[in-house]
Amino acid sequence: MLKKILCNPQALIGLFLIAILLVIAIFAPLIAPHSPDDMNPAARFAERSAEYPLGGDQLGRCEFSRLVYGARLSLGIAIPTVAVLTVLGLMIGSVCAYKGGWLDRIFIIVCDIFIAFPALVIAISLIGVLGNNLIVVLFSAVISLWAWYTRMARTYCKKEAAKDYVLSAKVAGASDLGILFRHIIPNALPQLLVYACTGIAGMIMMVSGFSFLGIGLPAGTAEWGAMMNDARSSLYSQPMLIVWPGIFVFAAAAGFTLFGEAMRDILTPEDITI
């Protein structure tokens, strides 16, 4: 597996971008020269300098420091949310795929109802009712996307459940839980992780889009979408204030998408060991 990744240029580029962003997020206090919320009226729209590497914003805050801490917040929202969706989808989808019958039919109907509504509409509706804070954004993302991840997990698990080794395990007297956790889930997990990797890119763009529209994280938060929203008032005089966070959003989305697509090519069903 590692050899295939190292021989795949697309995977290496994506992994390189992800690694840079993770390092920035983890070591943000060491990299950022200022606190992201420190305001200095004298540095309002300051030019780039040693003290302010990317200048100052409309409130005299260090743009570079806010971008660095924005990586911590954006990745800190996207990665755990997709992890929850993946675990939730795998648990529900594997049970429905393995059991089948009326449970699987009800599951498909419920998923179809949620999938019929665009995830963006569901999330915006929940945020509009519950308010715009971090917990609500996370909750809205999970509710709006759980059906997609669960339906995808059910598809992967259904393919595994139909294979001969599952029938052999049943004949050998293996329990249902043993078949699920020792056979079906481990073999379906790599494929779902590929889907989750590209899902992280979508989650970063979704959260940033909410903040940019003013319905996500509160204004003034050191998050890339919120920074772009704050910079709209000075778009013509200071266009770089909206360009820099856009570059970071693009880099994050490109990194996870490139790596996820490369892993999809590497982890074809023929390459998965049963």
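Quick caveat, the model's predicted, so the values are computed rather than measured. The first residue of the sequence shown is numbered 1, and numbering continues consecutively from there.
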Under 4.5 Å between side-chain heavy atoms, hopping through other hydrophobics if needed: is there a path connecting [X] to [Y]?
X: F117; Y: V110; value: yes
X: W224; Y: L59; value: no
X: L85; Y: M91; value: yes
X: F256; Y: F250; value: no
X: I200; Y: Y195; value: yes

Looking only at atom types and distance, does a side-chain atom of [X] sit under 3.5 Å from a main-chain N or O of [Y], one as donor and one as acceptor?
X: T150; Y: A147; value: no
X: S65; Y: R61; value: no
X: S144; Y: A141; value: yes
X: R72; Y: I26; value: yes
X: Q10; Y: L258; value: yes
X: W244; Y: L54; value: no

Nearest heavy atoms of [X] and [Y], plus distance in Å:
X: S74; Y: E223; answer: OG-OE2, 3.5 Å
X: I179; Y: A169; answer: CG1-CB, 4.0 Å
X: W148; Y: A119; answer: NE1-CB, 4.5 Å
X: T221; Y: M227; answer: O-CG, 4.3 Å

Review point. Residues two or more places apart in sequence or in another chain: which of them pass salt bridge (Lys or Arg N to Asp or Glu O under 4.0 Å) with D38?
Key: none
**Study point:** Any residue meeting salt bridge (Lys or Arg N to Asp or Glu O under 4.0 Å) with K99, in chain and number order, not counting sequence neighbours
**Key:** D176
Say you draw a straight line from [atom1] of [X] to [atom2] of [Y]; how long is it, rounded to the nearest 0.5 Å?
X: E160; Y: I184; atom1: CD; atom2: CD1; value: 8.0 Å
X: F16; Y: I20; atom1: CZ; atom2: CD1; value: 3.0 Å
X: Q191; Y: L189; atom1: CD; atom2: CG; value: 9.5 Å
X: L90; Y: Y149; atom1: CG; atom2: OH; value: 13.0 Å
X: I135; Y: S140; atom1: CD1; atom2: OG; value: 11.0 Å
X: N187; Y: C157; atom1: CG; atom2: SG; value: 9.5 Å

Practice item. Apply salt bridge (Lys or Arg N to Asp or Glu O under 4.0 Å) to R66 and E63, showing your working. Key: CA-CA 5 Å; R66 290 176 62 77; E63 182 73 3; 5.3 Å; no
Review point. Are R232 and F212 in a cation-pi setup, meaning NZ or CZ lies under 6.0 angstrom from the ring centre and within 45 degrees of the ring axis?
Key: yes
Point to revise | Heavy atoms from other residues, nucleotides or ligands near CE of M240 exceed 12 (cutoff 6.0 Å) | key: yes
Exercise for review: Using a cut-off of 6.0 Å, state whether more than 12 heavy atoms not belonging to F139 lie near its atom CZ.
Suggested key: no
Practice item. Please test H34 against Y52 for ring pair (Phe, Tyr, Trp, His ring centres under 6.0 Å), starting from the C-alpha separation and ending with a verdict. Key: CA-CA 9 Å; H34 300 275; Y52 295 92; 4.7 Å; yes
So [Y] and [X], do their side chains get closer than 4.5 Å, heavy atoms only?
X: L12; Y: F259; answer: no
X: T198; Y: M263; answer: no
X: L103; Y: V95; answer: yes

Check your understanding: Looking at R154 and D104, does any basic side-chain N land under 4.0 Å from a carboxylate oxygen?
Key -> yes
Point to revise | Pair R264 + E261, salt bridge at N-O below 4.0 Å | key: yes
